[in-house]
Amino acid sequence: MIIIDDFIQNKTLLDNIAKDKTFFSSNGKYYWYDGWWWEKPNTLKKELIKEIWGENSPYKEVKIEGFEYWTGQLGPDASTKELPIHFDKDEAEWEKSGKVIPPVIGSVFYPVPFDITGGDLVIYSSGMDNEPEIVKPKFNRLIIFDAGNHEHTVQQVNSGLRSAIAINLWDRKLDLLME
């Protein structure tokens, strides 16, 4: 696991995300981006993906076909307070064949300031029978981990609103919505 605080140095991008009332409007809906090498970023989410995984990427050795991404907001007054334990996979392939195909790597980024209690990311990197790694949500924090092979969850948010974007890198194209 890699955790980097104050990752995005482009303050204009972070300000634009904070001002954008639609950034989190598709809560939990999965999207696909082929990458800036095929398509110039035309949304703030795609700009953010390029900022994280382009020249600033702390994980250079990845060869990928594109990015699966989704936003999520959790809180006591939101539609969801927590996320159950899971691992990331190609959901369409899982539904069709039962075959588990994981992403190359996964990430969580907190692009807007917030004041919350709870909402910790819990990663079982040594298996479910061992003590998990626990990462507190924090504005401008990037977390990179093996989301396809390590079960993980988000604990209940007791106050405030936890706002995050999850980005998985894939070595094959997924059939998802284009934003």
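Residue numbers count from 1 along this sequence.
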Considering residues, nucleotides and ligands other than W37, do more than 12 of their heavy atoms fall under 6.0 Å from its CH2? yes
Decide if atom NZ of K99 counts as having more than 12 heavy atoms of other residues, nucleotides or ligands within a radius under 6.0 Å. no
Are the side chain of [X] and the backbone N or O of [Y] linked by a donor-acceptor pair below 3.5 Å?
X: T43; Y: K46; answer: yes
X: N130; Y: S126; answer: yes
X: R162; Y: L74; answer: no
X: S163; Y: Q73; answer: no
X: D120; Y: V122; answer: no

Side-chain contact test, heavy atoms from C-beta onward, threshold under 4.5 Å: evaluate it for [X] versus [Y] and give yes or no.
X: H86; Y: E151; answer: no
X: Y33; Y: P41; answer: yes
X: F109; Y: N140; answer: yes
X: L121; Y: I143; answer: yes
X: F145; Y: I3; answer: no
X: T117; Y: V157; answer: no
X: E51; Y: Q9; answer: no
X: D20; Y: N16; answer: no

To the nearest 0.5 Å, tell me how far [X] [atom1] sits from [Y] [atom2].
X: L48; Y: I165; atom1: CG; atom2: CD1; value: 5.5 Å
X: S57; Y: L142; atom1: OG; atom2: CG; value: 8.5 Å
X: T22; Y: L44; atom1: OG1; atom2: CG; value: 7.5 Å
X: E133; Y: S125; atom1: CD; atom2: OG; value: 3.5 Å
X: S107; Y: I167; atom1: OG; atom2: CD1; value: 4.5 Å
X: T153; Y: I85; atom1: OG1; atom2: CD1; value: 5.5 Å

Can you see which heavy atom on [X] is nearest to which on [Y], and at what distance?
X: G106; Y: A147; value: CA-CB, 4.0 Å
X: E65; Y: K173; value: CB-N, 4.0 Å
X: I116; Y: G118; value: CD1-O, 3.5 Å
X: W94; Y: V100; value: CZ3-CG2, 3.4 Å
X: V108; Y: A164; value: CG1-CB, 4.1 Å
X: F23; Y: P111; value: CE2-CG, 4.0 Å

Check this for me, if you would: do D6 and R141 make a salt bridge, where the nitrogen-to-carboxylate-oxygen distance has to be below 4.0 angstrom? no
Charged N-O contact under 4.0 Å between E47 and K50: no
Candidate list Y31, W170, W32, W36, test ring-ring contact (aromatic ring centres under 6.0 Å, His included), partner F67, passing option: W36
Check for me whether the distance between the ring centres of H152 and Y124 falls short of 6.0 Å. no
CA sep, side-chain torsions, deciding dist, call: N56, I52, side chain to side chain contact (heavy atoms under 4.5 Å, CB included): CA-CA 6 Å; N56 299 315; I52 293 171; over 6 Å; no
Does the structure place the NZ or CZ of K89 under 6.0 Å from the centre of the six-membered ring of F87, at an angle of no more than 45° from the ring's axis? yes
Could K45 and Y69 be counted as a cation-pi pair, given that NZ or CZ must be under 6.0 Å from the ring centre and within 45° of the axis? no
Determine, step by step, whether T71 and K29 satisfy the side chain to side chain contact (heavy atoms under 4.5 Å, CB included) criterion, reporting the C-alpha distance in whole Å, the side-chain angles of both residues, the deciding distance to 0.1 Å, and the verdict. CA-CA 7 Å; T71 57; K29 188 179 284 186; over 6 Å; no
For side chain to side chain contact (heavy atoms under 4.5 Å, CB included), just list the numbers for I8 and L14, CA-CA rounded to whole Å, side-chain angles, deciding distance to a tenth of an Å, and then say yes or no. CA-CA 8 Å; I8 299 293; L14 292 174; 3.8 Å; yes
Verdict with supporting geometry, R172 and I101, side chain to side chain contact (heavy atoms under 4.5 Å, CB included): CA-CA 10 Å; R172 57 185 283 209; I101 300 174; 2.6 Å; yes
